[in-house]
Participant: 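Here's a structure for you.
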Amino acid sequence: MAARIGLVGLGTMGAALSLNIAEKDFPLAAHTRTASVIDAFLASAGPLRDRLTGAEAPGAFVAALGKPRAVIIMVNAGEAQFLEGGPII
């Protein structure tokens with residue numbers, strides 16, 4: 001099942017928001033720069049784990065999203081350069 005929402009940035013706020021979204025029964029794809037952070041996040045998700053997809057590479061993250069792609073970016077100021085035309089940011 002394709003994720004309905006994507007979230008980039010699994011810091012304190014991004015991880016909490018991801019779990020909140022998954023708790024509301026929305027499939028979510030998550031990406032952050034550090035693979036070990038993704039692994040730890042998924043391991044700690046408990047019963048919500050089946051609604052979460054972790055993506056280590058930006059391309060895998062985009063591929064995990066259904067269209068239209070909705071992405072929440074929870075990172076320090078910068079630019080998400082890996083989305084092709086038409087994302088909702």
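All heavy atoms count here, side chains included; hydrogens, waters and symmetry mates do not.
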Participant: L65 and A70: which non-hydrogen atoms are nearest, and at how many Å?
Facilitator: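 Shortest heavy-atom separation between L65 and A70 comes out as CD2-O, 4.5 Å.
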Participant: Heavy-atom distance under 4.5 Å between the side chains of V71 and I5, does that happen here?
Facilitator: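 Answer no - side chains too far apart.
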Participant: Nearest 0.5 Å, what's the CE-OG1 distance between M74 and T32?
Facilitator: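 Here the interatomic distance stands at 11.5 Å.
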Participant: The criterion is side chain to side chain contact (heavy atoms under 4.5 Å, CB included); which residues satisfy it with S36, sequence neighbours excluded?
Facilitator: T34
Participant: Going by atom type alone, with no hydrogens or angles, which donor-acceptor pairs under 3.5 Å involve a side-chain atom of residues 41-56 and a protein atom two or more places apart or on another chain?
Facilitator:
residue	atom	partner	partner atom	Å
S44	OG	A40	O	3.2
S44	OG	F41	O	3.0
R49	NH1	L52	O	2.7
R51	NE	D25	OD1	3.2
R51	NH1	A22	O	2.7

Participant: Do you know which two heavy atoms are closest between H31 and I38, and how far apart they sit?
Facilitator: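 Shortest heavy-atom contact: CA-CD1, 4.4 Å.
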Participant: For L17 and L7, work out which heavy atoms get closest and say how close.
Facilitator: CD2-CD1, 3.9 Å
Participant: Considering all heavy atoms of both residues, which atom of A29 and which atom of A3 are nearest to each other, and what is their separation?
Facilitator: N-CB, 3.4 Å
Participant: Side chains of L28 and R4: does their closest heavy-atom pair fall under 4.5 Å?
Facilitator: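 Result no, sub-4.5 Å side-chain heavy-atom pair not found.
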